Colleague: 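This structure is in structure tokens; I'll ask about it shortly.
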Protein chains: 2
Amino acid sequence: MPAPRTPAGSARERILETAFRLFYAYGPRGVGVDTVIAESGVAKATLYKHFPRKDDLVLAYLDKVDQAWFGALRAAARAAGDAPRDQLVGMYDALAGACRREGYHGCAFINTAAEFPTGSEVHARTVEHKDVVRAWVTDLARRAGAAEPELLARQLTLLLDGGLAAGVLDGDPAVAEAAKRSARALVDAALG
Amino acid sequence: MPAPRTPAGSARERILETAFRLFYAYGPRGVGVDTVIAESGVAKATLYKHFPRKDDLVLAYLDKVDQAWFGALRAAARAAGDAPRDQLVGMYDALAGACRREGYHGCAFINTAAEFPTGSEVHARTVEHKDVVRAWVTDLARRAGAAEPELLARQLTLLLDGGLAAGVLDGDPAVAEAAKRSARALVDAALG
DNA sequence: AAGCTAACAGACAGGTCTGTCTACCACCAG
DNA sequence: CTGGTGGTAGACAGACCTGTCTGTTAGCTT
């Protein structure tokens, strides 16, 4: 048994997948551990073995969201071509994709950050994620030849956050379209 | 006693002011009714007399935030002069003011919306607020002569939401500066 | 066959939450 | 002086929350 030490439908996977779904829909604080247990068909002891505190489960949830969202962002950028300038605009297609998804409910990081106190481990993890994304965008902006890559990246991530965050209110796809057009205008203004 | 039927330091005022402070800092769901009672120095029966359900208090909180934030937005716009075009950019000074304020913790509406289920009364109230603001911005954009006032308003409120929402992660004032410069670029692009 | 591991099932403790209820007090108008 | 109003103080019910604990079962390895 070289690879599948933890098989696909293992208890841990089921817990995490259920938590992902419920936490995103209702907010981590709005979902009790008992609900996660019931919906994932797992014993309480098993959950607490894999995730000793509920916060550990929340952190794992955030990591899962990070993988999915940051992955979608990079995929959308790549799909727009090789030029960094095109990628800066193309990544907004990931936003459109998110808006269209059933059960879209805004930015998991901002929503979660709103529920946890500022100094907490969970809150810190959300900040980390945003920093990683902004660093990636900054790098793209620099390679695109922006005079002030830090500023452009800040502007573009601001727009991205706004588009994502607004999704908790209404998932209007017009938001994604407006964001993309804004991004194009900002990139054009910054790069001439 | 013609005017002061409800005196300044009345129980209702104290409750609402305390709720405002606590709900914004920890999120409505993160603050128990008992805490509001203790901090406002009021009896439990009194609170439930004025606000029969906790949600009523949350709604009153949102209305208070709405007054404060929308008021600041219009004041900042007015301070930028009479031209609608200048006001569209000037309103972002309200964002800078918010970022600098002690205890700044992002957008109360988005944070609250994240904690309540989509169909609920509280959630609906947050959506209303955003719609009112966007309608106001749309009107400004129209009077500024935008070809697509709906789109420009959507773009500008998106930016505003992004700047506000990001505040729950870190209250970096660079955000407000970037937002204002974005706004100027977008307005210039839309109005020529 | 023996033993180990992972998981299941569910009771339980201790705390917090919302919302109700009783009882008392202070003031002011008639 | 009497009754209404608005407030205080706090017990209480019932639900829900996290986290712990006991005991059992199934499968795999040796």
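Only heavy atoms go into these numbers, but all of them, side chains included; no hydrogens, no water, no symmetry mates. On a predicted model such as this, the values are computed, not experimentally measured, just so you know. Letters go in sequence order (proteins before strands), and every chain restarts at 1.
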Colleague: Does A/Val127 sit in a hydrophobic cluster with other residues, and if so which ones, taking ILVMFWY side chains as linked at heavy-atom separations under 4.5 Å, directly or through other members?
Modeller: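 Its cluster partners, ordered by chain and number, are A/Ile110, A/Val168, A/Leu169, B/Ile110, B/Val127, B/Val168, B/Leu169.
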Colleague: Without placing hydrogens or testing angles, list every side-chain donor-acceptor pair under 3.5 Å for residues 22-35 of chain A, not counting sequence neighbours.
Modeller:
residue : atom : partner  : partner atom : Å
A/Tyr24 : OH   : A/His105 : N            : 2.7
A/Tyr24 : OH   : A/Gly106 : N            : 3.1
A/Tyr24 : OH   : A/Gly106 : O            : 2.7
A/Arg29 : NH1  : A/Glu115 : O            : 2.6
A/Arg29 : NH2  : B/Glu115 : OE2          : 2.7
A/Asp34 : OD1  : A/Lys44  : NZ           : 3.0

Colleague: Hey, can you pull the residues of residues 33-42 of chain A with a non-hydrogen atom under 4.0 angstrom from DNA chain C?
Modeller: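 Within residues 33-42 of chain A, the residues near DNA chain C are A/Gly41, A/Val42.
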Colleague: Around A/Arg53, counting heavy atoms of other residues, nucleotides and ligands shown, do more than 12 lie under 6.0 Å from its CZ?
Modeller: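 Count over threshold, so yes.
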Colleague: Whole angstrom is fine here: how far is it from OH in B/Tyr26 over to C1' in C/dC17?
Modeller: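 It works out to 18 Å between those atoms.
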Colleague: Which parts of residues 49-59 of chain A get close to DNA chain D, meaning a heavy atom less than 4.0 angstrom away?
Modeller: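 A/Arg53, A/Lys54, in order of number.
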Colleague: Is there side-chain contact between A/Asp131 and A/Glu128, with heavy atoms separated by less than 4.5 Å?
Modeller: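 Side chain of A/Asp131 against side chain of A/Glu128, heavy atoms only: no contact under 4.5 Å found.
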Colleague: Can you check the B/Leu47 CG to C/dC17 P distance for me, whole Å?
Modeller: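 One finds 14 Å between P of C/dC17 and CG of B/Leu47, rounded.
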Colleague: Who pairs with A/Phe70 by ring-ring contact (aromatic ring centres under 6.0 Å, His included), at least two apart in sequence or on another chain?
Modeller: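 By the ring-ring contact (aromatic ring centres under 6.0 Å, His included) rule, A/Phe70 matches A/Trp136.
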Colleague: Among pairs that include at least one residue of residues 57-77 of chain B, which meet salt bridge (Lys or Arg N to Asp or Glu O under 4.0 Å), considering only residues two or more places apart or in two chains?
Modeller: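 Listed once each, the pairs are B/Asp63-B/Arg125.
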Colleague: Cut-off 3.5 Å, no hydrogens considered: what does the side-chain donor-acceptor table look like for residues 82-92 of chain A, sequence neighbours left out?
Modeller:
residue : atom : partner  : partner atom : Å
A/Arg85 : NH2  : A/Asp188 : OD1          : 2.8
A/Arg85 : NH2  : A/Gly192 : O            : 3.4
A/Gln87 : NE2  : A/Gly81  : O            : 2.8
A/Tyr92 : OH   : A/Leu156 : O            : 2.6

Colleague: Is A/Thr46 close enough to C/dC8 that one of its side-chain N or O atoms is under 4.0 Å from OP1 or OP2 there?
Modeller: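 Indeed, a polar side-chain atom of A/Thr46 lies that close.
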Colleague: Considering residues at least two apart in sequence or located in another chain, which fulfil the salt bridge (charged side-chain N to carboxylate O under 4.0 Å, His left out) criterion with B/Lys130?
Modeller: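 With neighbours one apart ignored, the set is B/Asp161.
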Colleague: Using five base pairs at each end, measure the axis-to-axis angle across the helix from C/dA1-D/dT30 to C/dG30-D/dC1 and round it to 10 degrees.
Modeller: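 The angle, to the nearest 10 degrees, is 0°.
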Colleague: Find the distance A/Tyr48:OH to C/dA7:C1' and express it as a whole number of Å.
Modeller: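 Whole-Å distance recorded here is 17 Å.
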Colleague: Roughly, in whole Å, what's the span from CZ in A/Phe23 to C1' in D/dC17?
Modeller: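 Distance, rounded to whole Å: 13 Å.
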Colleague: Determine all donor-acceptor pairs shorter than 3.5 Å in which one atom belongs to a side chain in residues 172-183 of chain A; sequence neighbours excluded.
Modeller:
residue  : atom : partner  : partner atom : Å
A/Asp172 : OD1  : A/Ala174 : N            : 2.9
A/Asp172 : OD2  : B/Arg154 : NH2          : 2.9
A/Lys180 : NZ   : A/Asp93  : OD1          : 2.8
A/Lys180 : NZ   : A/Asp93  : OD2          : 3.3
A/Arg181 : NH2  : B/Glu148 : OE1          : 3.2
A/Ser182 : OG   : A/Ala178 : O            : 3.0
A/Ser182 : OG   : B/Gln155 : NE2          : 3.0

Colleague: What is the distance, to the nearest angstrom, from the CZ atom on A/Arg29 to the C1' atom on D/dC16?
Modeller: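 So the two atoms are 15 Å apart, to the nearest Å.
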Colleague: By the rule that ILVMFWY residues connect when side-chain heavy atoms come within less than 4.5 angstrom, directly or transitively, which residues belong alongside B/Leu151?
Modeller: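 So far as hydrophobic clustering goes, B/Leu151 is joined with none.
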Colleague: Could you measure the distance from the CG atom of A/Leu186 to the CG atom of A/Leu158? Nearest 0.5 Å is fine.
Modeller: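 The CG atom of A/Leu186 sits 9.5 Å away from the CG atom of A/Leu158.
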Colleague: One pair to check against side-chain contact (heavy atoms from CB on, under 4.5 Å): B/Arg12 and B/Ile15. What are the steps and the verdict?
Modeller: CA-CA 5 Å; B/Arg12 192 178 200 279; B/Ile15 293 166; 5.5 Å; no
Colleague: Quick one: do B/Glu121 and B/Asp55 satisfy side-chain contact (heavy atoms from CB on, under 4.5 Å)? Show the steps, please.
Modeller: CA-CA 8 Å; B/Glu121 205 177 344; B/Asp55 279 6; 5.7 Å; no
Colleague: For A/Ala45 and for A/Gly30, find the nucleotide of DNA chain D with the closest heavy atom, then tell me which residue's nucleotide is more 5'.
Modeller: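 It is A/Gly30 whose nearest nucleotide is closer to the 5' end.
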Colleague: Can you list, by residue number, the residues of residues 111-125 of chain A that have a non-hydrogen atom closer than 4.0 angstrom to DNA chain D?
Modeller: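 Residues of residues 111-125 of chain A under 4.0 Å from DNA chain D: none.
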Colleague: Counting only distance, no hydrogens or angles, is the base of C/dG10 paired donor-acceptor with the side chain of A/Lys44 under 3.5 Å?
Modeller: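 Side chain to base: no pair below 3.5 Å.
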